[in-house]
2 protein chains.
Amino acid sequence: MLGALGEVFRAHGYEGASLALITEATGLGKGSLYHAFPGGKEQMAEEVLASIDAWFVREIYEPLRAAADPRQGIAEMFRGVDTYFHSGRRVCLIGVVALGSARDLFAERVKTYFVAWVDALAAALRKFGYAQAEARHLAEQVVLEIQGALVLARAVNDPKLFTRALERSQERLLEKQDGGVKQRRRPHIANR
Amino acid sequence: MLGALGEVFRAHGYEGASLALITEATGLGKGSLYHAFPGGKEQMAEEVLASIDAWFVREIYEPLRAAADPRQGIAEMFRGVDTYFHSGRRVCLIGVVALGSARDLFAERVKTYFVAWVDALAAALRKFGYAQAEARHLAEQVVLEIQGALVLARAVNDPKLFTRALERSQERLLEKQDGGVKQRRRPHIANR
DNA sequence: GTCTATAAAGCGATAGAC
DNA sequence: GTCTATCGCTTTATAGAC
């Protein structure tokens with residue numbers, strides 16, 4: 001249900017997703033929709049964004065933090081991201097909203113989605129051996145690359161560009177075996 | 001004129017930019033607008049996109065190709081980009097369109113904008129000393145980073161994130177002095 | 001809960017006076 | 001070239017039958 005709604009917003013943006021398109025995609029009449037979402041379209045989008053946010057927290061951010069081996073946790077993040085975005089054929093609704101004019105309506109949700117992502121990844125990178133400041137910059141960099149790859153892949157209509165970007169991003173992150181020596185903050189005791 | 005139009009599309013997206021908003025921003029009534037753009041809103045957006053494309057070709061891509069010193073040309077590209085995007089406070093209209101539902105209408109323009117950018121940057125990087133394949137990948141990577149940085153900076157409402165990303169991107173590109181030795185294809189004879 | 005009918009407003013676009 | 005008035009149509013949202 002929220003899934004079908006999300007696909008409509010993804011395909012047409014917040015303003016472009018008319019109730020006519022929504023009824024068509026969900027198979028529900030306006031009456032049913034307004035029964036489920038008294039707040040109308042804005043509430044629909046809000047709940048869709050919330051469910052996406054929750055999905056990422058549950059499936060990506062928390063495993064990333066909980067992973068005993070940060071290297072493996074990060075690898076799983078990239079796998080999860082590749083799956084979620086259908087290897088570059090699916091766009092990021094949060095990113096779409098962030099760029100659109102509906103951004104102000106959902107500013108808080110959009111912000112926390114990205115902040116939580118950067119935080120979780122930075123935590124994993126610290127565990128991997130990077131110093132705090134570098135971990136933050138790298139995490140920011142990776143999230144930004146994913147968003148940019150989605151934009152560019154869609155713009156030139158080449159999903160493989162996304163997959164390639166993910167691979168390069170992951171390689172660059174993990175190329176230091178078990179953390180860079182000079183950036184290392186403290187010995188990491190997991191996986192032993 | 002096209003500039004004012006562009007800002008409306010940037011702020012509200014293609015579908016969100018109503019003729020009411022456009023008349024307000026341009027100070028022209030609908031009559032005047034349809035006199036100038038018989039094709040209506042679609043033509044307005046098309047001409048705006050074309051003018052942006054032309055601006056980048058003239059101010060960014062061509063100087064990048066023409067620069068005798070590729071290092072300097074690339075540095076000027078980053079400066080131009082930072083200026084154009086108001087140091088992260090201004091969004092990329094082509095990227096906005098690429099993600100939105102109007103993408104199909106302007107698919108050709110959107111694609112050539114990015115392809116031309118990657119091509120021009122890859123040419124400069126080859127001149128700088130990178131091998132062809134690596135130059136292409138790096139160019140793609142840089143353009144993608146710029147788009148991603150715009151998305152993320154806007155999402156978390158922190159323009160400095162954009163500036164930081166540009167700096168890191170440029171540093172990584174130019175860290176090999178006068179081109180990486182092993183990637184070098186042939187001696188470069190410019191600047192002598 | 002789901003539907004149809006309908007309201008009120010906004011949309012892109014056109015016509016025609018000036 | 002710029003304006004106002006207006007046309008159809010679509011929009012979000014509501015009302016009320018079932």
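This one's a predicted model, so the numbers in the text were calculated from it and none came from an experiment. Below, chain A is the first sequence line, B the second, and so on; all start at residue 1. Atom set for the values below is all heavy atoms of this structure, side chains included, hydrogens, waters and symmetry mates excluded.
Note: NE2 (A:His12) to P (D:dT12) measures 12 Å, nearest angstrom. Going from atom CD of A:Glu24 over to atom P of C:dC3 covers 14 Å, rounded to whole Å. Look at CD on B:Gln43: it is 12 Å from P on C:dT14, rounded to the nearest Å. In this entry the distance linking CD1 of B:Ile22 with P of D:dC3 reads 15 Å, nearest Å. Atom NZ of B:Lys41 and atom P of C:dG10 are 16 Å apart (whole Å). Put simply, CZ on A:Phe37 is 15 Å from P on D:dT12, counting in whole angstrom units.
Phosphate contact (OP1/OP2 of C:dT2, side-chain N/O of A:His35, threshold under 4.0 Å): absent. Side-chain N/O atoms of B:Ser18 include one lying less than 4.0 angstrom from OP1 or OP2 on C:dC11.
When all heavy atoms of A:Val118 and A:Arg136 are compared, the pair lying nearest together is CG1-NH2, 3.6 Å.
Set against C:dT6, C:dA13, C:dC3, the side chain of B:Tyr34 has C:dA13 as its closest nucleotide. Side chain of A:Lys30, nearest nucleotide from D:dT12, C:dC3, D:dT2: D:dT12. Proximity note for B:Leu28 (side chain, C-beta onward) versus D:dT6, D:dA13, D:dT2: the nearest is D:dT2.
Judged by the 6.0 Å and 45° rule, A:Arg71 forms no cation-pi pair with A:Phe128.
Between A:Phe85 and A:Phe162, the angle of the ring planes goes over 60°, which puts this pair in the perpendicular group of the 30/60° scheme.
At distances below 3.5 Å, not a single donor-acceptor pair connects side-chain atoms of A:Lys160 with backbone N or O atoms of A:Ala153.
Salt bridge status for B:Asp158 with A:Lys111: absent, with no side-chain N to carboxylate O gap under 4.0 Å.
For the pair A:Ser32 and B:Leu19, nearest-nucleotide mapping onto DNA chain C gives the more 5' position to A:Ser32. Along DNA chain D, the nucleotide nearest A:Pro38 and the nucleotide nearest A:Gly16 are compared for position; the residue whose nucleotide lies closer to the 5' end is A:Gly16.
Note on A:Gly31: a base of the nucleic acid sits closer than 4.0 angstrom, heavy atoms only.
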